[in-house]
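Below, chain A is the first sequence line, B the second, and so on; all start at residue 1.
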Amino acid sequence: MTNPGQAKAQAKAQTKAQQCPQAQAQESAQPRAQMANRRSLTRRIWRLIPPGLRQPLGIVAALIALTWLVICLVGPSIAPYDPLAQDLPRFTPPGSVAWLGTDELGRDLLSRILAGARVTIGLSLLLVCLSMLIGSLLGLLAGFFGRWVGETIMRFTDLVLAFPTVILAMVTAAALGASLFNAVLAALVVSWPPYARVVRSIVMGLRENEFVASGRLLGFSSVRSMRVDILPNTVGPVLVMASLDIGTAALLLSGLSFLGLGAKPPTPEWGSMVSSAVAHFDKWWLGVFPGLAILTVVIAFNFIGDALRDALDPGVEKS
Amino acid sequence: MISPKNKMFRLTGALGAAALLLSGCADNGNEDGAAGEPGDGATQIVVDTTFDIKTIDPAREYEPTGQILVKALYDTLLTFADDDTTTVIPDLATFESNSDQTEFTLTMTEGRVFSDGAPITADDAVFSLQRLQGLEGNPSFLLAGVQVEKVDEMTLKLVTDVPSPSLPAVLATPSCGIVNSKLVQENGGSTSATDSAEEFLNETSAGSGPYILEKLDTASEAILVKNDKYNGPQKPTYDTVILRNTEPATQKMNVERGDSQVALGLSGDMVDSLADNVNVESVPSATVVFLLINADSAISEITASSEFVRAVKNGINYDGLLEIAGRGAAQATGLVPSVFLGALGSADALKYDAAAARTAAEASGAVGQKLTLSFPNDIDPTGLNLTTLAERIQSQLSQVGIEVDLAPAPFATEIDAYRDGKEQIGLWYWNPDYMDPANYLAFGPGQSVGLRAGWPEGSNPAIEALVSQGYTTGDLDARRTVFENWGKAMNADSPFVPLLQPGSNVAYQPSVSGVYYNPVWLINVAGLGIA
Amino acid sequence: MSHMDDAATASFAAGPVTDLAGSGGQVADAAEASSAARPVSDVAGSSGRGTRRSHGQLWRYIGKRLLIAVGLLFGMTLVTFSLTNLVPGDPVAAALGQRAADNPETVARFRAEYGLDKSLPAQYAAYVSRLVRLDLGVSWQTHHPVSEDLAKAVPATMEIAFGAIICAVILGIILGAWSAYRRGRITDQVLRLVSLVGISLPTFWTAIVCFYAFYYRLGWAPGSGRLTPGVMAPPKVTGMYTIDALLAGEWRTFVDASAHLVLPTLVLTLYTVGLLTRFSRTSILEVLDQDYVRAAKAKGLPGRTVFLRYILRGAAVPILTMVGLAFGSLLSGTVLVESIFGWPGLGSYAYQAASKLDLLAVMGVGLFVGLVYLCINLLVDLAYGVIDPRVRIGQ
Amino acid sequence: MKPVLAIEDLCLGIRNEDGLKPILDHVCLEVGRGQVQGLAGESGSGKTITGLVVTGLEPAKSEVSGHIWMDGNDLLQITGSSLNAIRGRRVGTVFQDPSTSLHPQLTVGAQLTDHVRYHLRVSKTEAMDRAVRMLDRVGVAGGRATLQRYPHEFSGGQRQRIAIAAALACDPSVLIADEPTTALDVTVQAGVLNLIRELVDSLGLAVLFITHDLGVMSAVADNVAIMRQGRIVENGPRQAVFASPQHAYTRELLAALPGARGGLKSRADLARIMPLAPDEPGQTMAPASEAGAV
């Protein structure tokens, strides 16, 4: 006799999904007594990887990011040519001479893309770190001191947030003159406010919390309660934001360079490489490869940021 | 013109990529109609260019796009034939001059009328020229020092203090276009700086040219329609001319796809890879791209030394630059471009000599120092990308021991440092104001451009003497000799390094005829015909 | 006060109003991160805000918002003004042209005409006093009043931005819901990846690639610009050609204008849809686990009703906040896209103005976009009241 | 008497990366007309999920076997619209917390009528009339005007009454009440319990009453089943279970009730039990996290 219930169970079993991050979170809510099998060592290691990355795509993303980071460190030394040398025939299509072809000045595209990784990724990391620091600091001050200090800081934050970002960055870059460092400064001007907001809202929340209040009752100074009670609680969310911000920063910086407000020639920078490829659109390799470089870097870091958020902020991905 | 109907209908429904992809599966045939033949029998031509335009008031405009439009909207007293840049011919007037080229008598051609039908008289000509002088606008300098007088209804006289052999050529520039004085005055026009007719003239053309203005949007397009009252020699072919503001890369796509008939802004590289179905008129333009090396030791001790100038002049591989510039480009043999009287032959051009350059560079103390090469990066003289050129120059100079940092900046920012003579090394270009070599004399010591290189009066008496001869010598052969001597001396001793004349590339559909490049107005749209 | 204030900034709470190619990720993620981080996890601040608010309070609240908005606008003029004056370079030569700038009298007259001969504070004061009379000044580049230039450029940009936001909202909610419903399954993974790719695309690059492929290579899309040359613009009502053409009954013009809209809209949609898909997914996931959804299912309502009536309504507030932010960022994103499609909109205008030191035009654009941001935020805030009765006053 | 709802050999496991995690293990329960079948157990024992399986609301990654018989159909075999025809129409469900189970952005009227209109195909006015009658019946006064109001405008007890009204709006024969009083103030708990009992008696409802609180259970249930780790360890008439628990676990549970040693024999004992506070911190939240975890 066929058990109809089993039939349904089988049908449901067939539609069972791939293992997913949510399953992780769920399981801990269930009594441990029912958890089968001791975990093997490989499984333990597996579990060290943020859940979001524990899938083929996640691994690919992590590998891409890792590859780019390695390229950042060793880039120029593994490049087949000097990224600035104009020795090769111009507009050589991708092939044996130059794997990714050469540009309008006869420079090797691959070498330039490899050298550009250091510029784009390095500066994006720098930008994110700076905006994180500045934003968090202002957010801490605003949240902790409340009243007019906080009000002033938050009104200023509003001001920057209400500004059309690109235009503000454009004007800033124009005012400071085109250079990579100035592009970072210009991007910084528009990148810190989110951190200030988030940190402030966390601090405001914590301030209501009893343990900080009790700390203050015990006579701890504000600096101490900031360090002991508040700072540690903001680190997680801020880091998550920052990790998600790296891709954004790369896009913003390459966008500024695309507009001619970032990297100065002949610095190999992906955005300006795409920009100069516009005029030679029928030499497809000139635009496609730098664009793909930007895309892969941004995707990889966004994916990792996503995974980090899932791991550190189970609240968002709560089941 | 293409008939957009088919494509449009296929696309309307498309909200996103999916629909777009689906729609594309339909066949692509039947898209190209013959140029100039849209369905209703009227002919239309689309000209793509990169807009550089603020106004089309002839007495105010002085940008390339404005020149193209004003040329079509306003006739001038004198002009040049489409395929000739040396001989002035009559248009609204004929002229005679006295022997020392200080007095020019112009007699108005009988019967010519403005687009509203009013006859053109000497009053209109005098008003137009005096207005050009009086507005103190960008092109006002063209008639500086010229006295304009009415003689009778159909005659006027132009008088100058010094011999002005270039004046007829000046009168042929679009800025000297003749406006309907009555109409312009009714709309705020005057011959002083209080004139307020610009707004009117940006919406309505008040001239006698082959076309009248239908619409002008300085950001996107200008539409011209045939002037039915036109009774001059240059009968227009197309009923409508549309001049569109388009990025060079897009221009190339458009002209290859037949969405435009003429593209004016293609670079040499783009032209090299142009599809076979497009014709190209490719000649060296009259634009000279040059390096300025500041002779003011307050700006840089190194660049001020003559050894350094010599090192740069020898250190640049001019052929290597031409490779970058692509089709149509030529080495600038001197500051005067090849189309003008007095241009130098290739034997007199600067030569690449790496060894000499290296020696000179060492002597100048430049080796081991970092200098700055400034240039505008948002402007491409006739399609040449200055950034690419600067990168090539940087690389070439580096091979002879001169290291420069590139300092690109938007034109608007950099122009200030350039004009104030603050650049160590500048990469700039010069478009002729009118078709006469005299406008290159500005590069002389103490002259307007010379000062930008920190080259004051008294720096080089020999050249200064040639400059004043250049302004005043009337006789054609004598002029040629003066300019050739001036050019050679400039090549040898000036702080300017003439680099190249980028190609002027006009790409056009085979259906279009009458495409000629002109150094001042680039292209005469009224001369375009159907092949 | 601080309570109100939080409400005032709640719509901003999501954080960065975005920038170039796609910092949308930043917006979404900041919003997610912040809502996750907030100890009292409210739905975009809605539950935290005034459950008890009288009419008087409402007006005070709106009044305060407006006051802040005006203050912000003036702050923006100050910032732009200072920045543009920091630019090394005198705008006069660029504005007048080389030859005219050789004439000191002309230069002096120009300076006097635009008040550039006065001290910076005096210049700023003059600007602000004109601004109060809604006079944005005359652009040095186009020789037109900035307000006229904006009146031409803004509808062009709005046409793309509206198109993109509408497509993105529809697609984003559908995909986000699909992803949330299939949480953890292959569909979800694929959609997450797709939306991630969407927000990772450098728009300037996508625009080039799309234009090259769909116009030049394949010929499926029309060329650059808003209309095919020869097609006359419809009589101006809104300035948006599609709408004006419909109003005028010019069917062919409408078709032509729509076809030209497809590619730019597509490029901006790609990015925005990624943003909204991610955000909708998160918001819908949160709602999916709500008891009221389970209760609605237990009542035997069909899936469609449960989704439209219960889930979407529950997720509407955070999604709406995000849509507001995304729309703002779209306006910024046009800077990089418009030049490629030859679209004479706000982005091209802003870029031209900024690179040509056209101070008044830059400030005009800045003010306008800032005003749009503030209006969106105000609208979003007011819309909360419509969506969520708990926010409504005078219960 | 033939049970209205019969759960037979119900097994349920949740699939995760470690394999299938068992949640319910051969659960058998029957609810008869006019009866309240109590189901008690500590948090995580699987009682809530048992209630959810009946209306097909078990978590997505569950694998189920067994039978749930009702009207001669096996509810586990039907899906889609036929399942919707049972939910709400034949089986009503009341959830623990009325502040979350009622949609905060929809009027009470909308939530009381939408399924009525869908199931019974009646006009809007008719559905509204019906809703007003139902509200009357559960003791929420105010008539039509009430329908225009939003859940947050009511007190907790009133909200739960509204939720009950919504569950009963289509005259179902079975009501699944999942901790319907846990989220309420103790002072209003009694009122809601009385209402449920009264509805059972007057309408002949069959109720599956799920709770962790034996005190509450003793107040309403006719039969009591005790669940532990997904198994029914004891099932029988209330008096029997409370008076002479057979299973050690039941005894343990009963012992945890303050002053309850010796058992509760009648509803009169309720008054003594009712004021008790939740016995461990966080326990009131447990069913939510249990539901949420799946």
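Residue C:I208 does not touch chain B at all, counting heavy-atom pairs closer than 4.5 Å. Heavy atoms closer than 4.5 Å to chain C are found in the side chain of B:E247, but not in its backbone. Residue B:E221 does not touch chain C at all, counting heavy-atom pairs closer than 4.5 Å. B:E63 does not touch chain C: none of its heavy atoms, backbone or side chain, sits under 4.5 Å away. Residue B:T240: no heavy atom, backbone or side chain, is found under 4.5 Å from chain C. When heavy atoms are compared at a cutoff of 4.5 Å, B:N254 approaches chain C by way of both its backbone and its side chain.
Chain B forms the most heavy-atom pairs under 4.5 Å with one residue out of C:S224, C:G342, C:S348, and that residue is C:S224. Ranked by non-hydrogen atom pairs under 4.5 Å with chain C, the options B:D420, B:I223, B:N138, B:N202 are led by B:N138.
Contact of the C:F211 side chain with the B:T250 side chain is registered, since non-hydrogen atoms from C-beta on lie closer than 4.5 Å. Under the 4.5 Å side-chain criterion, counting only non-hydrogen atoms from C-beta, B:E199 is not in contact with C:H144.
Partners of C:E159 by salt bridge (Lys or Arg N to Asp or Glu O under 4.0 Å), not counting sequence neighbours, listed by chain and number: C:R226.
Cation-pi geometry between B:R257 and C:Y216 is not met at under 6.0 angstrom from the ring centre and within 45 degrees of the axis.
If you take NZ on C:K152 and OG1 on B:T218, they are separated by 5.5 Å, rounding to the nearest 0.5 Å.
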